[in-house]
Structures are given as structure tokens and as C-alpha cells.
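Single-structure report; data block below.
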Amino acid sequence: MGSNSSRIGDLPKNEYLKKLSGTESVSENDPFWNQLLSFSFPAPTSSELKLLEEATISVCRSLVENNPRTGNLGALIKVFLSRTKELKLSAECQNHIFIWQTHNALFIICCLLKVFISEMSEEELQLHFTYEEKSPGSYSSDSEDLLEELLCCLMQLITDIPLLDITYEISVEAISTMVVFLSYQLFHKEVLRQSISHKYLMRGPCLPYTSKLVKTLLYNFIRQEKPPPPGAHVFPQQSDGGGLLYGLASGVATGLWTVFTLGGVGSKAATPPELSSPLANQSLLLLLVLANLTDAPDAPNPYRQAIMSFKNTQDSSPFPSSIPHTFQINFNSLYTALCEQQTSDQATLLLYTLLHQNSNIRTYMLARTDMENLVLPILEILYHVEERNSHHVYMALIILLILTEDDGFNRSIHEVILKNITWYSERVLTEISLGSLLILVVIRTIQYNMTRTRDKYLHTNCLAALANMSAQFRSLHQYAAQRIISLFSLLSKKHNKVLEQATQSLRGSLSSNDVPLPDYAQDLNVIEEVIRMMLEIINSCLTNSLHHNPNLVYALLYKRDLFEQFRTHPSFQDIMQNIDLVITFFSSRLLQAGAELSVERVLEIIKQGVVALPKDRLKKFPELKFKYVEEEQPEEFFIPYVWSLVYNSAVGLYWNPQDIQLFTMDSD
């Protein structure tokens with residue numbers, strides 16, 4: 001590590017970089033470019049990225065100063081663009097040297113752009129793309145779209161170059177460079193609504209690549225292709241033990257760029273062990289960035305349109321002419337990948353985006369007979385709420401809310417029986433329905449929120465999901481039934497405590513007018529809203545599926561004293577009628593049966609009593625249905641969230657935290 005660090009520190013003294021950033025113009029046909037681009041090293045580790053950034057800054061600043069006279073940035077980009085025209089043929093012919101040097105050109109461009117973007121405006125950057133070597137400060141009108149040409153070229157590279165061992169790294173680099181192009185957002189506190197790079201991506205020659213790019217990025221996520229073995233993409237093994245490429249590289253570079261060899265070709269891959277596919281990770285991040293670009297003043301975001309409208313490959317219906325940028329993809333493969341990848345924030349955010357915005361995906365997922373494969377990872381996110389950031393928990397919860405809007409989902413989850421849920425540690429669950437487990441996890445999330453974060457919005461969404469499910473509660477596990485009543489007990493105690501505090505505060509105010517009083521009335525109002533919601537959930541279950549839930553009736557009877565204080569409360573009188581009726585009816589039957597009844601006997605009496613209970617005596621209330629509605633200006637939440645994921649998760653990209661303006665570094 002030490003030697004690598006010192007070598008990176010020598011970069012500003014590198015002869016070729018000094019020439020690139022110096023005062024001398026280098027033409028596109030100069031042999032210098034072959035020399036500059038003949039270097040090799042594995043991807044820097046996360047700790048080396050910071051050193052690389054620091055070493056690159058002085059080179060970049062020198063280039064910024066001299067580029068208006070030399071036009072060397074434009075020359076480098078033109079060298080790269082000319083090479084990409086032959087890249088597809090080079091991949092087919094296994095031309096390792098050509099692909100290797102083209103990758104290196106793009107790597108240098110990406111490093112330079114990242115520093116340029118952090119230190120200058122988009123207008124200044126665009127100007128640097130126009131400088132040529134004519135006379136100091138001059139620029140050419142026929143090259144002013146070089147930036148747009150580079151963006152289009154990157155899109156072509158991502159979508160058209162076949163994914164092979166020798167093209168894997170350049171594919172990742174192309175995606176990373178597109179992310180860097182869009183990273184101006186990181187350096188603005190406000191959401192960017194107009195941007196030069198946005199404009200290029202949403203119109204002109206880049207626009208026709210929209211659907212193809214989204215499809216490619218999705219397939220990269222689906223396939224989760226691992227990087228090739230170290231050396232496979234740069235130095236193919238020769239029978240003589242050496243390698244043509246290595247000999248050529250050593251000869252051409254004459255030892256100058258090899259100063260930048262971080263550990264050599266055969267060294268261990270620097271990718272963190274938990275990130276098995278850098279290509280899939282980078283593709284997903286770029287996809288989320290594109291999907292969350294703000295609409296142009298005169299046109300909607302085409303990438304969001306593509307995400308909203310793509311269809312299953314098995315769907316043979318014609319594409320509506322009114323919907324642009326649509327395409328087809330294998331929904332089964334996408335569903336499998338989404339189920340398997342939910343440990344990451346970005347995969348959960350993609351699932352949310354697809355469920356919320358693409359009705360084809362939502363319909364397909366809700367029709368699956370193996371929904372447990374999707375729901376269980378989401379429940380596990382919520383269960384480990386202490387270990388997750390608040391945004392990840394929020395996304396998981398909204399996914400559940402969207403799913404519970406569907407009555408078919410709410411019925412089917414009680415038919416799926418699970419065995420031995422090992423991650424649920426509060427109690428051994430040898431056998432439980434998916435529906436009961438969902439209830440347990442959501443209630444646990446509510447209780448965690450009550451004692452820790454106290455986020456009213458989280459409460460509301462948890463209760464909304466339970467309310468959506470309540471009419472279809474079936475065969476609730478005894479532990480799930482107990483937890484429903486236990487939550488009500490917790491809320492009741494909290495209500496009594498706040499009520500007592502309010503009463504004492506009121507008494508104190510009569511003796512002193514100078515001390516400001518806490519707003520207990522507001523606290524009381526919030527807790528009563530939650531209590532009413534819980535009573536409505538219990539009532540909905542009793543009204544619609546009493547005969548399916550003897551365990552809930554048992555739990556109600558066991559804790560019937562809890563409900564006594566709410567019978568005459570003006571906020572709960574109406575909703576308490578049915579609950580009171582059920583408690584009174586079954587209490588009477590148990591009284592008739594005698595004392596010291598076993599649990600089994602009580603359940604038997606309940607099951608018999610359900611048949612005898614006159615249903616017409618249960619008052620009908622409007623069906624509980626809550627629909628997720630995205631907040632106004634959702635980009636104010638999603639854009640900082642997406643870029644925080646890019647900042648924390650992008651492979652091979654480092655930004656100085658002191659430069660970031662969009663979000664604070666200590667936030668979730």
C-alpha cells in the first residue's frame with residue numbers, strides 16, 4: 001500500500017501527463033497518444049482513489065490553464081472518439097491492445113472531467129471542449145458539440161459493444177464517465193432543473209439511444225456479470241509464459257507510465273468482496289440517476305418514460321404509438337434479480353420505482369405465485385431497521401404499502417406457509433403464514449419508531465399497510481394476534497401518560513403564568529389518531545373475517561380490560577361498538593362454559609360462537625383503503641437520495657466530501 005501511495009504521488013511529475021497538460025499542442029495524429037495510453041494497472045482501491053484524486057488535481061489545473069491555447073483536451077477526446085469507431089470490430093477480433101488503449105483514453109478523460117466538473121461551471125467546461133490549437137484562446141464553431149458527441153459515443157459504447165472479458169472494464173468506465181458527466185448535481189444545494197448535459201441527453205442525437213440504454217442498464221443489473229479474472233482483460237497468457245501486450249506496453253511506455261502500476265497485472269482485484277459485479281452496480285446507479293433527472297421545460301424525461309412503459313418479452317400486444325421510448329425485457333429474469341439483490345439501497349429504490357411507475361411490472365409481480373421471494377427480503381430490511389438508513393427503511397415500507405393496495409395480494413399472502421424464519425429472533429417461528437409475518441414485522445417497525453425515531457410519516461405508512469390488509473386477515477398466527485393487541489396496549493399506556501402530563505401541566509399553569517407549557521394537546525391528538533387507526537384495523541378484521549381469526553378474538557378477550565376506557569370516549573365511541581359487541585358476546589359464552597378453561601377449549605368455544613354471532617348486529621364501516629401518493633416535488637427527496645447512493649457506492653469514483661453541496665455527509 002505504501003509503495004502504491006508513493007507512486008500515485010509521483011503522477012504530477014509524469015513526463016506524458018506534463019506534456020498533455022503543458023503549453024505545447026499535441027495533434028491528434030502524434031505518436032504521443034500511443035505512448036500516453038500504454039499503461040496498465042488494476043482498478044484502484046477505495047483508499048487509493050483519494051490519493052489518485054489528489055495527484056490528478058495539479059495535472060488538471062495545469063490543463064485548465066493551458067488548454068485554451070493548446071486544445072489538448074479536445075485532441076484527447078477526438079483520439080478516443082476515433083478509436084471507438086473501430087471498437088466493436090476490435091472486440092470481435094479480440095484486439096486486446098486496441099481495446100486496452102481505448103479504455104485508458106477513457107479512464108484519463110473520466111479523471112480529468114471529474115476534477116473539471118468539481119472546479120468550474122458547465123459553461124466553462126463546454127468552452128474547454130471547443131478550444132483548438134489554432135491561436136491562443138480561439139475556438140472552432142464546428143467542434144462546439146464535441147461534448148455532445150462524447151456523450152453519444154458513451155451511450156453507443158454501453159449499448160453496442162458486446163460484453164466480453166476484454167470489454168468489461170471499458171463498459172464499466174463508459175458508465176462511470178456518464179455518471180461523472182451528470183455529477184454537477186453534487187456541487188449544488190438545490191435540485192438542478194436545467195443543465196447542459198441534461199439537454200444533450202434529452203434531445204438531439206442522444207435521444208434515439210434512450211430505450212436501448214435503459215434496456216442495457218437493466219440487463220446489466222439482471223445478469224450481475226462478475227469481472228473477468230485478473231489479467232484476462234489486459235494481458236492474455238501466452239504459451240511462452242510472457243505476453244505480446246506486456247512486451248509492447250513496456251517498450252512503448254519506456255518505464256514512465258509504469259510508475260503508475262498499482263500492484264501489477266496479476267494482483268488481487270480491488271473490488272470489495274460484497275460487490276460481486278461492478279458493472280451491475282454502476283449500471284443500476286446510472287439508471288437511477290437518469291430516471292430521476294428533472295423534466296425539461298418543453299419535454300418530459302425520456303428515461304423515466306422508458307422505465308414507465310417497458311413491457312414483458314412475452315407480451316405480444318402492439319406498442320401504443322403515443323408512448324415513446326418503450327421496449328421489451330424478460331420480466332421473469334428481472335423479478336429474480338430484484339428478489340436476490342434487495343440487500344442494497346439502490347436495488348430497493350429500483351424496485352420501488354418500477355412498482356410505482358410501471359403498471360406492466362406491477363401487474364406481473366402481483367400475479368406471481370412466489371411473492372414470498374420478493375416480500376421476505378423487504379421484511380428483512382424492516383426487521384433490521386436499526387442497521388439500515390432511514391431512506392432504505394422508508395422505501396421498503398412504501399413497497400409494502402403499494403403491494404397491499406391489491407386485494408389479491410392481501411388474500412394470497414395468508415395462503416403462503418413459511419418454515420423456520422431464522423432472522424426473526426424475538427420468537428421461534430417454526431411455521432407461520434407470510435401474511436402473519438408481514439403483520440409482525442410492520443408492528444415491530446411501529447414499536448421501534450415509537451421509542452426511537454418518532455417519525456409520524458413512518459407511523460402513518462405502517463398503519464396504512466396494516467389497514468389495507470385488515471379486511472383480508474386470514475388464520476392469523478397466535479403471536480401475530482397477540483402483537484396486534486400488545487401494540488394497542490402500548491398506545492393505550494402512552495395515551496394515559498400524555499393525558500396525565502397534560503392534566504398536571506394545566507394545573508401548574510393556573511399557579512404560574514410565566515412558564516411556557518409543552519404542547520400536550522398536539523401530542524394527545526397524534527396518539528389518538530394512531531389509536532383510532534388501530535381500532536379501525538381491529539374492527540375491519542372482525543367485520544370482514546371474524547370466522548377466519550379465532551386467535552385475534554382470543555387475544556381481544558384476554559386483554560379486554562384495555563378497551564374499557566375507550567368505550568365512552570367521544571373520539572372512539574362509534575368504532576368501539578363492534579369491538580365491544582364481540583367482547584361482550586364471547587365473554588358471555590365463556591362464562592356459560594365455566595371456569596378454568598384450557599386454551600384449546602376457549603378457542604373451540606370461539607369457533608362455535610362465530611357461527612352463532614348475528615352478523616347483522618355488526619355495524620358496517622367504509623372499507624379501509626389507503627393508496628400511496630408521491631409527495632409534491634418528489635425530486636427534492638429522490639435526487640439527493642440517489643446521489644448519496646452514487647457517492648457511497650459507485651465503483652472507482654471518489655469525490656472530496658468537503659466539495660459536496662447536495663447533502664450533508666453525516667446524514668442518512
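Note that the structure is a prediction, hence the values are computed from the model and not measured. Quick note: numbers below take in every heavy atom, side chains included, and nothing from hydrogens, waters or symmetry partners.
Outside the 6.0 Å centre-distance limit, the rings of F319 and F310 are not counted as a close aromatic pair. Between F563 and F572, the distance separating the two ring centers is not shorter than 6.0 angstrom. Aromatic ring centres of Y303 and H325: separated by at least 6.0 Å.
Under 3.5 Å, the side chains of R483 and Q447 contain a donor-acceptor pair of N or O atoms. Using modelled atom types, one finds no donor on one side chain facing an acceptor on the other under 3.5 Å when comparing Y394 with Y352. Under 3.5 Å, the side chains of N332 and R368 contain a donor-acceptor pair of N or O atoms.
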Could you go through the side chain to side chain contact (heavy atoms under 4.5 Å, CB included) check for Q342 and E380 one step at a time? CA-CA 9 Å; Q342 285 308 306; E380 205 167 343; over 6 Å; no
I would like to know whether L334 and N312 meet side chain to side chain contact (heavy atoms under 4.5 Å, CB included); could you show each step before the answer? CA-CA 10 Å; L334 178 57; N312 195 353; over 6 Å; no
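Using a 4.0 Å cut-off between charged nitrogen and carboxylate oxygen, D406 and R411 do not count as a salt-bridge pair.
Applying the ring-ring contact (aromatic ring centres under 6.0 Å, His included) test to F586 and every residue at least two apart in sequence or in another chain returns nothing. Residues satisfying the side chain to side chain contact (heavy atoms under 4.5 Å, CB included) criterion with K494, sequence neighbours excluded, are M450, I527.
Within the structure, no pair that satisfies the ring-ring contact (aromatic ring centres under 6.0 Å, His included) test touches residues 521-556, not counting sequence neighbours.
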